[in-house]
Structures are given as structure tokens and as C-alpha cells.
Amino acid sequence: MDRVRVATWNVNSVKQRVARLLPWLDERRPDVVCLQELKVTDVVFGELLGDELAARGYEAAVHGQAQWNGVAILSRVGLDDVVNGLVDGPGFPDQEARAVAATCGGVRVHSVYVPNGREVDSEHYRYKLAWLKALRDVVADGPEDVMVCGDVNIAPADADVYEPGAFEGHTHVTGPEREALAAFHALGLRDVVRDRWPTERIFTYWDYRAAMFQRDLGMRIDLVLASGSVAARAKAAWVDRQARKSAGSKAAEPKTAGPSDHAPVLVDLDEAPDGDVGPVVPPPSAPRAGKSVKAPR
DNA sequence: ATGACTTCAGATTGAAGA
């Protein structure tokens with residue numbers, strides 16, 4: 001197998017994004033696509049995109065929900081053992097459509113939309129932390145070759161927000177949220193984009209208001225986390241800022257063709273060392289996930 | 001600045017997002 005391109009994109013309503021999503025698939029040609037905030041049911045997703053995706057060679061695992069949430073994985077390198085939701089995951093009060101997993105080209109891929117948290121110490125915030133713990137447990141119990149892709153609604157470090165002072169006392173930057181992210185690193189997962197660009201100013205989300213994108217005042221809250229075995233295969237990793245841009249004029253951009261407030265994140269993986277079938281013996285720098293092994297640093 | 005913009009549900013306004 002050739003290189004595999006994996007992408008994640010919070011589309012903020014797939015219904016409003018069809019006119020951007022399809023051309024973007026044709027231009028970037030990702031092999032695996034994790035989508036979040038579909039905001040439609042499985043049925044509506046199929047009506048909107050089923051034929052168009054099949055024509056492009058994608059299978060789709062869709063865990064939709066009307067109005068809010070909704071996640072999916074598109075793949076043209078296989079889509080096996082699909083699981084909707086999180087085993088033993090919390091609800092608010094019922095489980096929401098925030099996670100879907102599938103095995104694509106030998107890698108366990110999770111597309112996630114982590115709860116927002118709203119206000120620090122609120123019920124929503126506690127729900128967010130409990131949800132992250134449930135996701136951590138699912139990853140820990142899963143295969144070694146794993147990717148967690150999606151909108152985590154946490155900026156991993158102060159460098160991942162445009163102005164740390166603007167977020168004091170708010171969600172997305174608090175210690176407990178960052179500790180919940182660190183639990184994935186303790187399993188051996190790497191932040192692929194930050195690893196590749198250690199000091200770069202990189203954002204994936206910009207508020208629609210106040211021309212935040214044009215001023216590059218954003219947050220990096222959409223991540224690709226990968227086990228050491230998979231991260232070692234990453235040959236490129238970047239944010240597709242082009243997809244966040246508006247068209248040149250109102251006339252050129254009807255209301256149905258505006259951008260999401262999130263940009264896609266893309267990662268190119270070289271083929272697996274042993275081809276692409278079956279588990280790979282982890283190198284010393286890639287401890288097996290979940291077995292109380294400390295992260296290498 | 002309890003704003004700004006965009007989404008959905010369903011109504012001509014409110015909730016939610018981050």
C-alpha cells in the first residue's frame with residue numbers, strides 16, 4: 001500500500017458543508033476522514049452524501065444525531081469492526097453521538113467530538129472529564145496501532161491559544177482538562193502535529209465572530225493523537241487553513257458554501273513496516289498502550 | 001461588552017457552540 005492520508009474535520013453541520021466537503025475530498029484525496037458535528041441523523045447523512053461518497057470509493061461509518069453532535073469515519077482502506085459510542089461512557093443524561101471507531105488499513109481509528117464543558121466546574125464540565133476518561137479506557141483496552149482524531153475541545157498548552165490571558169477561568173485550558181489529555185500520552189500516544197511543528201503557531205479553530213480567522217486569533221483544539229507505532233510512520237502533518245477561508249465575495253459564496261469554524265487536520269502515513277496487515281511488533285520507543293507503561297518522556 | 005457569527009428548532013426568538 002502506498003501512503004495513507006488521514007484527516008479530521010469538525011464540519012459544523014454536514015448539511016451546510018456539502019458544497020465544501022465534496023470538492024475538498026477531491027482536492028485533498030484523504031484515505032481516511034474523521035468527521036465531527038454532523039448535526040444530522042444517519043438517514044439524512046446517507047441522503048446527502050451516500051452516493052457521492054460511494055462514487056469516490058469511500059465506505060462510511062456514521063453515528064449521527066439530529067440537531068447536535070454526530071460523528072463519522074470515511075475510509076477507502078477498509079472499515080471494519082465499527083463501534084458507535086463509548087463502552088461504559090457517560091451521557092447527558094443519555095449517551096450522545098460523540099464517538100465512532102473502526103479499523104482502517106490495520107489502524108484502530110477513533111473519530112471523537114469531546115463535550116464542550118461550557119463552564120468550569122459545571123455539570124457539563126464534569127461530564128467532559130468523565131467522557132475523556134471513558135475514551136481513555138476504550139483506547140487502553142484496544143489495539144496497539146491506534147489513532148484518536150477529532151475535536152477534543154482542549155488546547156493542550158498555552159501556545160495553542162491566541163492569548164492565554166483571554167482564557168483564564170474558562171474551559172479548554174484548565175489543569176484537569178489538560179491532565180485528561182495527558183492520560184492519552186501516558187498510554188504512549190503522540191500529538192502528531194505538535195511533534196512535527198514544535199514551536200509553530202498552529203490553530204484549527206477560529207470563532208466566526210470579530211474576524212478572528214482573518215486576524216489569526218484561534219485555538220488548536222482539533223488533534224490527531226497516534227500510538228508510537230503509527231506516529232513513527234507520519235511523514236507530514238498540517239492544518240488545511242485553505243478550507244477555513246471564505247470565498248472572495250458574497251456573490252461568490254452563497255450561504256450554503258461558507259466555511260466551518262474549524263479547519264481540517266491532515267496526516268500522511270508511510271506504509272507500515274511489515275506491509276499493512278496485522279499487528280506490528282512495537283519498537284522500544286512505542287510501549288504497548290494501556291498496560292501501566294510510562295510514556296517515554 | 002451578557003457583543004461579534006453560525007447552526008438548529010421552529011418561530012419571527014432562544015440555545016449552543018468554544
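Per chain, numbering begins at 1; letters A, B, ... match sequence-line order.
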Using whole Å, report how far [atom1] of [X] lies from [atom2] of [N].
X        : N     : atom1 : atom2 : value
A:Leu217 : B:dG3 : CG    : C1'   : 16 Å
A:Gln65  : B:dA9 : CD    : P     : 11 Å
A:Phe213 : B:dA4 : CZ    : C1'   : 17 Å
A:Gln16  : B:dA9 : CD    : P     : 10 Å
A:Leu48  : B:dC8 : CG    : P     : 11 Å

Check whether any side-chain N or O of A:Thr204 sits under 3.5 Å from a backbone N or O of A:Asp222 as a donor-acceptor pair, and report yes or no.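 Yes.
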
Under 3.5 Å donor-acceptor, A:Arg244 side chain and A:Asp261 backbone: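 Pair found, side chain donor or acceptor close to backbone of A:Asp261.
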
Scoring nucleotides 13-18 of chain B by protein non-hydrogen atoms under 4.0 Å (B base, S sugar-phosphate only, - none) yields ---SBB

Give me the distance, rounded to whole Å, that separates [N] from [M] when you measure between the [atom1] atoms they each carry.
N      : M      : atom1 : value
B:dG3  : B:dG14 : P     : 13 Å
B:dT2  : B:dT13 : P     : 22 Å
B:dA16 : B:dG10 : C1'   : 15 Å
B:dA4  : B:dA15 : P     : 15 Å
B:dA1  : B:dT12 : P     : 32 Å

Spell out, yes or no, whether A:Val109 and A:Val82 are grouped together once hydrophobic residues are joined by side-chain heavy atoms under 4.5 Å, including indirect joins.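 Cluster IDs for A:Val109 and A:Val82 match.
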
Answer with yes or no whether the side chains of A:Ser13 and A:Glu37 bring together a donor and an acceptor at under 3.5 Å.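 No, no side-chain donor-acceptor contact under 3.5 Å.
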
Look at the aromatic rings of A:His262 and A:Tyr205 and report parallel, tilted or perpendicular, splitting at 30° and 60°.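 A:His262 vs A:Tyr205 ring planes: tilted.
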
Any side-chain N or O of A:Ser13 under 4.0 Å from OP1/OP2 of B:dC8?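 Answer yes for this pair, as a side-chain N or O of A:Ser13 is under 4.0 Å from OP1 or OP2.
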
Could you tell me whether the side chain of A:Phe203 reaches within less than 4.5 Å of the side chain of A:Leu217, counting heavy atoms only?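 Not touching, per the 4.5 Å side-chain cut-off.
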
Residue pair A:Asn12, A:Tyr208: steps toward the side-chain hydrogen bond (donor to acceptor under 3.5 Å, both in side chains) verdict: CA-CA 12 Å; A:Asn12 186 16; A:Tyr208 281 128; 3.1 Å; yes

